[in-house]
Chemist: 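First the structure, which I've put down as structure tokens, then a few questions once you've had a look.
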Amino acid sequence: MTDRAVQRRRRALYLFFFLNGIAMSSWVTRTPDIRDRLGVSTAQMGLVLFGLSVGSMTGILCSGRLVSRFGTRPVTAVGTLLIVASVAVVGAGSALASAPLVTAGLCLFGVGAGAGEVAINVDGADVERITGRPVLPTLHGCFSLGTVVGALAGMAATVAAFPAHWHLSAVAVVAAGIFTYAIGAVPAGTGIRAALPAPGSAGPSKPQVWRDRRLLLIGAIVLAMALAEGAANDWLPLLMVDGHGLDAAAGSLVYVGFAAAMTLGRFGGTFFLSRHSRATVVRASAVSGALGLCLVIFSDNTVVAAAAVLFWGLGASLGFPVALSAAGDSGPDETARVGLVATIGYIAFLVGPPTLGFLGDHYGLRPAMVVVLAFVAAAAFAAPAAGTRGSRHHGADTRAPAEHAAKRPAQRTEG
């Protein structure tokens with residue numbers, strides 16, 4: 001590929017992650033309005049959000065085989081089109097006050113994001129190989145930037161009392177335009193060989209992976225940090241509305257702060273990883289997330305609780321991708337190890353929304369978040385497992401997640 005073609009391809013990948021972020025935060029910021037429009041309880045809203053979890057798990061489980069057979073371009077195209085369609089379906093469900101239709105739309109979103117994001121990661125790793133420069137951290141930073149932009153637009157729409165279905169329809173049109181512009185820059189054929197399992201990686205290696213105590217501890221870190229991120233994405237606007245008495249617009253503004261903190265943490269992650277060990281970064285992330293959650297849960301001061309969301313966002317930003325890099329370095333059969341840890345992380349996305357919804361319906365959303373706090377606090381104690389095997393200090397542990405990701409065909413970091 002020519003230098004110009006590589007630059008166009010890199011910009012296209014940035015746009016795809018940016019599109020995913022806008023699409024997700026657009027419906028997240030309207031969840032209070034959608035909940036009221038549907039007339040459902042907190043527990044029932046948890047079941048609606050369960051559609052997203054099921055779709056995400058389905059997409060991520062199918063993505064490897066699809067990429068290995070068809071390559072990244074068709075998987076990226078189909079996944080992105082499903083995201084575009086899902087936003088329109090969620091909007092239609094809101095307009096018709098149909099909880100099943102909103103659930104179906106969120107399921108479509110999960111399938112599209114789960115499959116398409118892996119394909120984009122494969123393409124990003126290939127661009128890193130060609131250019132010799134990190135791309136993946138910026139990709140996921142663009143996702144977080146997209147969530148900020150989408151959340152700001154959602155907040156403005158909420159303040160203006162603009163109907164959620166018209167807002168989401170407009171987002172779907174914008175996303176379709178971004179897709180049309182970007183898909184042409186993604187070459188065909190990438191990932192067909194790279195996504196295939198290495199010879200001998202299947203079979204006996206899997207039981208050995210499951211028995212690796214250190215890898216399971218890394219999986220626990222991923223589970224905790226994925227739960228922290230997912231809980232905010234699914235419940236934060238409602239948490240601030242129902243738990244702290246804010247109106248819907250202010251709840252959306254707090255979510256904007258969370259997304260901005262996530263963006264800052266991800267764009268700045270390489271800086272910290274170049275100076276400190278992964279274990280130190282994971283521990284600091286867990287402590288920051290736990291501090292933010294603690295203040296949100298136990299403080300009755302609305303301003304303090306809203307500001308604490310920034311600590312929550314910074315803490316959740318790096319835990320998932322850094323732990324995935326640690327999983328790849330934890331022993332032989334890198335693909336199986338990363339796959340196992342990623343699957344453990346997706347358990348949080350699968351069971352988190354309905355579990356927190358049921359707890360929130362019985363005890364309130366603030367007390368329900370104590371579960372998330374307990375997991376994040378435990379991740380701080382498990383942080384040493386994320387250090388590079390055999391390293392005494394951070395000198396052997398300074399590679400950014402992108403440098404690890406460039407060596408493997410597919411891994412999902414949370415966007």
Side-chain angles (χ1 to χ4, degrees), residues 16 18-59 78-117 143 146-147 149-158 160-179 230 232-238 241 248-249 251-252 255-256 259 349-350 352-354 356-357 415:
F16 279 123
F18 184 74
L19 181 157
N20 290 356
I22 287 180
M24 188 192 75
S25 62
S26 294
W27 63 259
V28 167
T29 53
R30 302 311 299 266
T31 49
D33 294 321
I34 293 173
R35 191 269 308 268
D36 294 342
R37 176 70 177 166
L38 297 179
V40 297
S41 67
T42 302
Q44 291 170 327
M45 193 64 186
L47 291 177
V48 171
L49 292 169
F50 187 67
L52 175 67
S53 302
V54 172
S56 297
M57 181 63 77
T58 302
V78 173
T80 305
L81 287 174
L82 285 176
I83 290 173
V84 173
S86 72
V87 175
V89 172
V90 171
S94 176
L96 298 173
S98 171
L101 194 57
V102 173
T103 304
L106 293 179
C107 185
L108 283 177
F109 185 95
V111 173
E117 197 171 305
F143 172 84
T147 64
V149 174
L152 285 171
M155 183 187 66
T158 301
F162 192 64
H165 56 278
W166 289 119
H167 169 212
L168 295 178
S169 297
V171 172
V173 171
V174 171
I178 293 175
F179 165 79
N233 288 335
D234 291 330
W235 292 110
L236 185 54
L238 282 175
V241 170
S252 296
Y255 178 76
V256 171
F349 291 115
L350 182 64
L356 294 174

Chemist: Out of curiosity, Leu238 CG to Arg35 CZ, how far, rounded to the nearest 0.5 Å?
Modeler: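 One gets 5.0 Å once the value is rounded to the nearest 0.5 Å.
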
Chemist: Can you give me the closest heavy-atom contact between Trp235 and Gly357, atom names plus distance?
Modeler: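 Scanning both residues, the minimum pair turns out to be CZ2-CA, 3.6 Å.
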
Chemist: Is there side-chain contact between Met155 and Thr29, with heavy atoms separated by less than 4.5 Å?
Modeler: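 Answer no - side chains too far apart.
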
Chemist: I need the minimum non-hydrogen distance between Pro237 and Tyr255, along with the two atoms involved.
Modeler: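 Distance-wise, the nearest heavy atoms are CG-CB, 4.1 Å.
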
Chemist: Could you tell me if the side chain of Phe18 sits less than 4.5 Å from the side chain of Ile22, heavy atoms only?
Modeler: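 Yes, their side chains come closer than 4.5 Å.
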
Chemist: Tell me the closest heavy-atom pair linking Val84 and Ala172, and the distance in Å.
Modeler: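 Of all heavy-atom pairs spanning Val84 and Ala172, the closest is CG1-O, 3.5 Å.
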
Chemist: Which distance, rounded to the nearest 0.5 Å, do you find between the CE of Met45 and the CG of Asp36?
Modeler: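 The CG atom of Asp36 is 9.5 Å from CE of Met45, to the nearest 0.5 Å.
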
Chemist: So do Phe50 and Thr103 actually touch side chain to side chain, heavy atoms under 4.5 Å?
Modeler: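 Side-chain contact under 4.5 Å: no.
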
Chemist: Strictly distance-based, threshold 3.5 Å: is any side-chain N or O of Arg37 a donor or acceptor partner for the main-chain N or O of Ala95?
Modeler: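 Answer holds: yes.
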
Chemist: Nearest 0.5 Å, what's the CG-OG1 distance between Asn20 and Thr80?
Modeler: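 Taking CG in Asn20 and OG1 in Thr80, the distance rounds to 6.0 Å.
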
Chemist: Any chance you could measure Asn233, atom CG, to Met24, atom CE, to the nearest 0.5 Å?
Modeler: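 So the gap between those two atoms works out to 3.5 Å.
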
Chemist: Can you find a pair of side-chain heavy atoms, one from Val48 and one from Ile34, that are under 4.5 Å apart?
Modeler: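 Result no, sub-4.5 Å side-chain heavy-atom pair not found.
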
Chemist: Would you say the side-chain atoms of Ser25 pair up with the backbone N or O of Ala151, donor to acceptor, closer than 3.5 Å?
Modeler: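 Yes, Ser25 side chain to Ala151 backbone: donor-acceptor pair under 3.5 Å.
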
Chemist: Mind checking the CG-OG spacing from Leu38 to Ser94? Nearest 0.5 Å is all I need.
Modeler: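 Result: 6.5 Å between the selected atoms.
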
Chemist: How many angstroms lie between CD in Gln44 and CG in Leu49, if you round to the nearest 0.5 Å?
Modeler: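 Atom-to-atom, Gln44:CD and Leu49:CG are 12.5 Å apart.
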
Chemist: Looking at Leu108 and Ser86, what are the two nearest heavy atoms and their distance?
Modeler: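 Closest approach of Leu108 to Ser86: CB-CB, 3.7 Å.
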
Chemist: Taking the side chain as everything from C-beta on, heavy atoms only, tell me whether Ile83 gets closer than 4.5 Å to Phe179.
Modeler: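 Result no, sub-4.5 Å side-chain heavy-atom pair not found.
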
Chemist: Report yes if some heavy atom in the side chain of Leu356 is under 4.5 Å from a heavy atom in the side chain of Asp234; otherwise report no.
Modeler: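 Sidechains of Asp234 and Leu356: no contact.
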
Chemist: Start with the C-alpha gap between Trp27 and Leu168, add the side-chain angles, then the distance that decides, and say whether side-chain contact (heavy atoms from CB on, under 4.5 Å) holds.
Modeler: CA-CA 7 Å; Trp27 63 259; Leu168 295 178; 4.2 Å; yes

Chemist: Taking all non-hydrogen atoms of both residues, which atom of Val241 and which atom of Ala248 are closest, and how far apart?
Modeler: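 Looking at all heavy atoms of both residues, the closest pair is CG2-CA, 4.0 Å.
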
Chemist: For a quick test of reading the model, state the closest non-hydrogen atom pair linking Ala92 to Leu101 and the distance between them.
Modeler: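 Residues Ala92 and Leu101, closest heavy atoms: C-CD2, 3.8 Å.
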
